[in-house]
Visitor: 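One structure, pasted below without further comment.
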Amino acid sequence: MSELNTANFVTYEYPLNEKIRSWLRLETLLQQVYELSHITSYTSGVAFFRSVSELIEILDRGEVRTDLIKELEKHRKRLATWADAPNADNQLISSLLNDLSIKTANITSAPRFGQQLRNDKIISMVRQRLSIPGGCCSFDLPTLQLWLNMPQEQRDSAINEWLKSLAPLKDTLDTILHLLRQAGSFEAKECHNGFYQDSVEDKELLRVRLSTDKPIFPQISGHKTRFAIRFLHIDSENGIVPAMMNFELSCC
C-alpha cells in the first residue's frame with residue numbers, strides 16, 4: 001500500500017512474499033471500512049458495504065489468525081533476545097513484550113474474524129448484488145434503502161458493533177506491520193536510466209520513497225531474495241525519466 005507523506009514524499013510498498021501481500025491487502029480494506037463507516041448517503045453506504053464484502057472474501061481465503069499469532073510470537077522471541085544485549089532499554093522491551101502478550105491473548109480468544117459480518121442479514125443481502133454491475137440500485141435493494149434512511153444513531157450503533165468485532169484483528173495487524181516497517185531504515189540510492197536492482201536476504205517488505213517534485217513512480221518486481229525497480233513517468237507517451245535519479249529505499 002502506498003501512503004502520502006506531508007513532506008512532499010510518497011512511500012510505495014512492495015511485499016516479497018504472499019503472507020505480507022495478504023496482510024497489506026487486509027490493512028487497506030480495514031482502513032477503507034473504518035474510514036467509510038460514517039455513512040451519509042446511499043452512495044457512501046454502498047461503498048462501505050463493498051469494502052466490507054471484499055474484507056470478508058480476504059478473511060475467507062486463509063488462516064489469518066494462525067499467521068498473526070505466529071508473527072507475534074516471532075517478535076516476542078526477538079525482543080526477548082534483545083533484552084540480553086548490552087545497553088538494552090529493558091523497560092521499553094518489557095513494555096513491548098507486555099503489549100505483545102496482551103494482543104496475543106486478545107486475538108486468540110476473539111471469535112472467528114468477520115463472523116459477525118457474515119451473519120448479518122443486511123450485509124449478506126448487499127453482498128449478493130455486488131457482483132452485478134449497478135446491482136445495488138435502490139430498486140434492487142429496498143431493504144438497504146430503508147436501512148440507510150433509519151435514524152443515524154441506529155445505523156451507527158449497528159456499524160459500531162461490526163467494527164468492534166474487527167478490533168482484535170485490526171489492532172494486531174497494525175502492530176505487526178508497524179514493527180515490520182520499523183525494522184528497516186531508509187537509505188539514499190541512485191538509479192540509472194530508470195532502473196535499479198539488488199538482492200536481499202530474510203526481508204519481507206520493500207519501501208521506496210520518492211519526492212513528488214517529479215511525476216515519477218516505481219514499478220517493482222521481486223520475490224524473496226532479488227528485486228528490480230523500474231521508474232516510470234506518469235505520462236507514458238511524453239514524460240521523460242532522468243538518466244540518473246535519487247530515491248530512498250528501505251528493506252524490512
Side-chain angles (χ1 to χ4, degrees), residues 1-7 9-35 37 55 58-59 62-116 160 162-188 200-209 222 224-225 227 248-252:
M1 185 195 72
S2 62
E3 58 186 29
L4 231 50
N5 191 304
T6 55
F9 284 91
V10 182
T11 301
Y12 302 88
E13 296 185 334
Y14 186 83
L16 291 173
N17 58 51
E18 287 303 314
K19 178 186 69 177
I20 302 302
R21 185 184 302 274
S22 175
W23 287 355
L24 291 179
R25 285 176 173 156
L26 266 178
E27 179 189 46
T28 298
L29 287 171
L30 284 166
Q31 288 176 347
Q32 290 177 8
V33 168
Y34 275 75
E35 289 180 15
S37 62
L55 177 63
I58 291 288
L59 291 174
E63 295 295 328
V64 177
R65 184 200 308 269
T66 301
D67 289 340
L68 290 175
I69 291 174
K70 288 179 180 178
E71 194 72 12
L72 288 171
E73 179 62 17
K74 185 176 79 173
H75 285 293
R76 193 195 65 78
K77 290 180 177 179
R78 184 178 297 165
L79 285 170
T81 302
W82 290 350
D84 296 329
N87 303 318
D89 188 340
N90 288 312
Q91 184 175 355
L92 175 60
I93 291 175
S94 177
S95 175
L96 289 171
L97 285 171
N98 183 61
D99 184 52
L100 292 180
S101 295
I102 293 173
K103 285 179 171 55
T104 300
N106 289 341
I107 198 173
T108 301
S109 61
R112 184 187 176 196
F113 296 147
Q115 189 60 42
Q116 188 168 347
N160 287 336
W162 297 337
L163 298 184
K164 185 179 177 181
S165 72
L166 295 172
L169 169 63
K170 186 177 187 301
D171 191 29
T172 301
L173 186 63
D174 286 348
T175 297
I176 288 174
L177 290 178
H178 174 73
L179 289 172
L180 176 61
R181 288 168 176 135
Q182 293 300 309
S185 57
F186 282 102
E187 298 179 4
V200 290
E201 187 174 347
D202 298 326
K203 302 298 182 181
E204 297 186 294
L205 179 69
L206 298 179
R207 308 184 79 209
V208 175
R209 191 156 66 188
K224 292 185 178 179
T225 60
F227 68 92
E248 293 184 348
L249 174 68
S250 176
C251 301
C252 309

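All figures in this text were calculated on a predicted structure; none of them were measured in a lab. Computed over heavy atoms, backbone and side chain alike; hydrogens, waters and symmetry mates excluded.
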Visitor: Just so I know, are the side chains of Leu72 and His75 near enough to count as touching, which here means a heavy-atom distance under 4.5 Å?
Guide: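 SC-SC contact between Leu72 and His75 ruled out.
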Visitor: I need the minimum non-hydrogen distance between Leu79 and Ile93, along with the two atoms involved.
Guide: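 Looks like O-CG2, 3.5 Å.
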Visitor: Would you say that Leu30 contacts Asp174 through its side chain, given a criterion of any heavy-atom pair below 4.5 Å between the two side chains?
Guide: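 Heavy-atom side-chain distance check fails, nothing below 4.5 Å.
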Visitor: Closer than 3.5 angstrom, by distance alone: can the side chain of Arg65 be matched with the main-chain N or O of Ile107 as a donor-acceptor pair?
Guide: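 Side chain of Arg65 to backbone of Ile107: a pair is present.
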Visitor: In the structure I gave you, are the side-chain heavy atoms of Leu206 and Ser250 within less than 4.5 Å of one another anywhere?
Guide: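 No. Closest side-chain heavy atoms not under 4.5 Å.
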Visitor: Could you state the interatomic distance from OG1 (Thr172) to CG (Asn106), rounded to the nearest 0.5 Å?
Guide: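 So the OG1 of Thr172 and the CG of Asn106 are separated by 7.0 Å.
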Visitor: Which atoms form the tightest heavy-atom contact between Phe186 and Arg207, and what is the distance?
Guide: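 So the two residues come closest at CE2-O, 3.5 Å.
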Visitor: Taking C-beta and beyond as the side chain, do Leu59 and Leu26 meet within less than 4.5 Å on heavy atoms?
Guide: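 Yes. Closest side-chain heavy atoms under 4.5 Å.
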Visitor: What pairs with Ser37 under side-chain contact (heavy atoms from CB on, under 4.5 Å), at least two apart in sequence or on another chain?
Guide: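 So Ser37 forms a side-chain contact (heavy atoms from CB on, under 4.5 Å) with Phe48, Ile159, Leu163.
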Visitor: Of the non-hydrogen atoms in Ser22 and Ile58, which two are nearest, and what is the gap between them?
Guide: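 In terms of heavy atoms, the two residues are closest at OG-CG2, 4.5 Å.
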Visitor: Holding to salt bridge (charged side-chain N to carboxylate O under 4.0 Å, His left out), I want the full list of residues that pass it with Glu35, two or more places apart in sequence or in another chain.
Guide: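 For Glu35 there are no salt bridge (charged side-chain N to carboxylate O under 4.0 Å, His left out) partners, ignoring immediate neighbours.
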Visitor: Among residues at least two apart in sequence or on other chains, which ones pass side-chain contact (heavy atoms from CB on, under 4.5 Å) with Thr66?
Guide: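 Once residues adjacent in sequence are excluded, the partners of Thr66 under the side-chain contact (heavy atoms from CB on, under 4.5 Å) criterion are Glu63, Lys70.
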Visitor: Considering all heavy atoms of both residues, which atom of Cys251 and which atom of Val200 are nearest to each other, and what is their separation?
Guide: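 Result for this residue pair: SG-CG1, 3.8 Å.
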Visitor: Can you tell me how far apart NZ (Lys224) and CG (Asp202) are? Round to the nearest 0.5 Å.
Guide: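 Interatomic distance, Lys224 NZ to Asp202 CG, rounded to 0.5 Å: 11.5 Å.
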Visitor: Are the side chains of Val208 and Tyr14 in touch, meaning some heavy atoms are under 4.5 Å apart?
Guide: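 No, every pair of side-chain atoms sits at 4.5 Å or beyond.
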Visitor: Considering residues at least two apart in sequence or located in another chain, which fulfil the side chain to side chain donor-acceptor pair (under 3.5 Å) criterion with Arg21?
Guide: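 Per chain and number, Arg21 pairs via side chain to side chain donor-acceptor pair (under 3.5 Å) with Glu18.
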Visitor: Identify, with sequence neighbours excluded, every residue that meets side chain to side chain donor-acceptor pair (under 3.5 Å) alongside Glu187.
Guide: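 Result, side chain to side chain donor-acceptor pair (under 3.5 Å) vs Glu187: none returned.
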Visitor: Once rounded to the nearest 0.5 Å, what's the spacing between atom CD of Gln32 and atom CG of Leu29?
Guide: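 Atom-to-atom, Gln32:CD and Leu29:CG are 5.5 Å apart.
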Visitor: Does Ser165 reach the main-chain N or O of Trp162 with its side chain, forming a donor-acceptor pair under 3.5 Å?
Guide: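 Yes; at least one donor-acceptor contact below 3.5 Å.
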Visitor: Can you measure from CG (Asp99) to OG1 (Thr104) and round to the nearest 0.5 angstrom?
Guide: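 Asp99 CG to Thr104 OG1: 9.0 Å, rounded to 0.5 Å.
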Visitor: Leu16 and Gly222: which non-hydrogen atoms are nearest, and at how many Å?
Guide: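 Closest approach of Leu16 to Gly222, heavy atoms only: CD2-C, 4.2 Å.
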Visitor: For Pro168, what residues pass the side-chain contact (heavy atoms from CB on, under 4.5 Å) criterion, not counting sequence neighbours?
Guide: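 Testing Pro168 for side-chain contact (heavy atoms from CB on, under 4.5 Å), a comparison that skips the adjacent residues, returns Ala110.
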Visitor: Sequence neighbours excluded, which residues qualify as side chain to side chain donor-acceptor pair (under 3.5 Å) partners of Glu73?
Guide: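 Glu73 satisfies side chain to side chain donor-acceptor pair (under 3.5 Å) with Arg76 once adjacent residues are dropped.
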Visitor: Sequence neighbours excluded, which residues qualify as salt bridge (charged side-chain N to carboxylate O under 4.0 Å, His left out) partners of Lys203?
Guide: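 Residues passing salt bridge (charged side-chain N to carboxylate O under 4.0 Å, His left out) with Lys203: none at all.
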Visitor: Return the set of residues passing side chain to side chain donor-acceptor pair (under 3.5 Å) with Arg112 (not counting sequence neighbours), or none when no residue passes.
Guide: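 Applying side chain to side chain donor-acceptor pair (under 3.5 Å) to Arg112 gives Gln115.
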Visitor: Is Thr175 close to Leu100 at the side-chain level, that is, under 4.5 Å between some pair of heavy atoms?
Guide: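 Yes. Closest side-chain heavy atoms under 4.5 Å.
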Visitor: Would you please name every residue forming a salt bridge (charged side-chain N to carboxylate O under 4.0 Å, His left out) with Asp67, sequence neighbours left out?
Guide: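 Result, salt bridge (charged side-chain N to carboxylate O under 4.0 Å, His left out) vs Asp67: none returned.
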Visitor: Counting C-beta onward and ignoring hydrogens, is there a side-chain heavy-atom pair between Leu169 and Leu68 closer than 4.5 Å?
Guide: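 Leu169 vs Leu68: side chains touch.
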Visitor: CG of Leu177 to CD1 of Ile20: how many Å apart, nearest 0.5 Å?
Guide: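 It comes to 6.5 Å.
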Visitor: Among all residues two or more places apart in sequence or in another chain, which pass the salt bridge (charged side-chain N to carboxylate O under 4.0 Å, His left out) test with Glu201?
Guide: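 For Glu201, no residue satisfies salt bridge (charged side-chain N to carboxylate O under 4.0 Å, His left out) once neighbours in sequence are set aside.
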Visitor: Among all residues two or more places apart in sequence or in another chain, which pass the side-chain contact (heavy atoms from CB on, under 4.5 Å) test with Lys19?
Guide: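 In terms of side-chain contact (heavy atoms from CB on, under 4.5 Å), with neighbours along the sequence ignored, Lys19 is linked to Asn17, Trp23, Glu71, Lys74, Glu204.
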